[in-house]
Amino acid sequence: MSDEGSATVPDAFEANRRYLGSVAYRLLGSVADAEDALQEAWLRWRAVDQTRVADARAYLTTIVTRLCYDQLGSARVRRESYFGEWLPEPLLTDDRTPDRLAELGEEVSLALLAVMEQLTPAERAAFVLHDVFSIGFDEIAASLDRTPDATRQLASRARRRVRTGRTAGRGRIDATEHRQAVHAFAAAASGGDLQALLAVLDPDVVWHSDGGGIVSAAVRPILGADKVSRLVLGLARKWPGMYGGATLDSVQVNGEPGLALRTADGRIAAVVAFAVTGGRITEAYAVVNPQKLTHLS
């Protein structure tokens, strides 16, 4: 257990805020919802007799988990009525030092977050807490009001479902291969090179986009290299007129190489994350809903 778990009582919540926010974001896939969960957790933390809490981090993790678990049920209803495809809110991340990894848990790609939308709230909680944050099943069971065996089964079932997801069962990711594919995609799109774009796209590539009904975006996933390449080149031709002086920047999206369209005034208008297999892009996730990008600017 980290030293933060035994921080002095008045500072315990602030000492663990970044960690708790990381847990909430991975459970909910939304920065705004994660912040709401943290605010409620802080209010509940102030209401307890903190001197009787032996392990502040474990106690706070339980509070946040239960709040997020409750939110996931209502979030699923909201997302079913969402205009077009719902994608998680992206994070722009830097290279993680060992200290940061210990504090924030294993990185979770945007692709994996999207796949986790298929899990039940209980499966998602068990999977995230155990597989991402290495929390023991006894502690998770207390958060979910289940037995440790039942919680272990939830995590196992979630793991199997994640593996069957299109983007999640790719095995170990080659970071260099991923970065090269994204750079090739950006060069081909910026240069209007159809053949170069087709060369870096898997024949069965899927393009996902989320405009939330606010910004123009495909309502359903676009399938196949030919359709995706023509869509991308069409967008690349439109973007300069829509966002004068915009640049397409290489960034880390949830710990993996991706792209961000940045306007002249510094606002981020789009973030695209990618899944890469065998040197080719198999999935692309374009988030253009401005409400999901405000936290990045």
Side-chain angles (χ1 to χ4, degrees), residues 18 21-22 24-34 85-97 100-101 104-117 128 132 162 165-168 170 172-190 200-202 205-212 215 217-218 221 228 232 235-236 239 243 246-263 266-277 279-297:
R18 187 183 296 273
S22 186
Y25 169 72
R26 285 160 173 78
L27 286 173
L28 297 171
S30 165
V31 175
D33 288 348
E85 188 174 6
W86 187 93
L87 294 179
E89 294 176 18
L91 293 180
L92 300 189
T93 53
D94 51 16
D95 291 332
R96 299 308 196 189
T97 64
R100 292 276 286 169
L101 286 172
L104 300 180
E106 293 293 330
E107 202 68 74
V108 174
S109 69
L110 204 69
L112 180 54
L113 281 173
V115 170
M116 287 198 297
E117 286 298 306
V128 167
V132 178
V162 164
R166 184 180 179 88
T167 60
R170 295 174 290 145
R172 195 170 189 81
I173 297 171
D174 186 312
T176 300
E177 178 184 274
H178 192 124
R179 184 168 54 253
Q180 289 173 344
V182 172
H183 286 177
F185 174 93
S190 300
V200 75
L201 295 176
D202 185 89
V205 64
V206 182
W207 178 275
H208 307 267
S209 53
D210 180 346
V215 175
V228 170
V232 169
L235 291 172
W239 276 344
Y243 310 104
T247 58
L248 192 60
D249 299 340
S250 295
V251 293
Q252 290 285 110
V253 183
N254 289 61
E256 294 183 347
L259 299 170
L261 184 71
R262 196 183 305 270
T263 63
R267 180 174 63 87
I268 292 178
V271 170
V272 188
F274 301 89
V276 176
T277 302
R280 286 189 165 190
I281 293 169
T282 56
E283 308 262 348
Y285 298 83
V287 181
V288 293
N289 182 344
Q291 294 180 346
K292 294 189 174 184
L293 301 173
T294 54
H295 66 282
L296 302 179
S297 300

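Small disclaimer: the values here were computed from a predicted structure and weren't measured.
Proximity of Trp207 to Leu235: side-chain heavy atoms (C-beta onward) are separated by under 4.5 Å at one or more points. Contact annotation: the side chain of Asn254 approaches that of Tyr25 to within less than 4.5 Å [non-hydrogen atoms, C-beta and beyond]. No side-chain heavy atom of Val128 sits less than 4.5 Å from a side-chain heavy atom of Val108.
A search for side chain to side chain contact (heavy atoms under 4.5 Å, CB included) contacts involving Ala218 returns Ser209, Ile222, not counting sequence neighbours. Taking the ring pair (Phe, Tyr, Trp, His ring centres under 6.0 Å) definition, one finds that Phe185 meets it with Phe274, sequence neighbours left out. Residues that satisfy the salt bridge (Lys or Arg N to Asp or Glu O under 4.0 Å) test with Arg262, not counting sequence neighbours, are Asp249.
No donor-acceptor pair under 3.5 Å is formed between the side chain of Glu85 and the backbone N or O of His208. Side chain of Lys292 to backbone of Leu87: a donor-acceptor contact under 3.5 angstrom is found.
The two residues Ala114 and Pro88 come nearest to each other via the heavy atoms N-CG, 3.8 Å. Residues Ala217 and Val288 share a closest heavy-atom pair of CB-CG2, 4.1 Å. For the pair Pro257 and Ala175, the tightest heavy-atom approach, listed with the atom from each and the gap, is CG-O, 4.5 Å. In plain terms, the two heavy atoms of Pro90 and Leu110 that are nearest each other are CA-CD1, 3.8 Å. The minimum heavy-atom distance linking Ala246 with Leu261 is given by the pair CB-CD1, 4.0 Å. In terms of heavy-atom proximity, Leu91 sits nearest to Leu296 at CA-CD2, 4.3 Å.
For the residue pair Arg18/Ser22, the side-chain donor-acceptor check at 3.5 Å is not satisfied.
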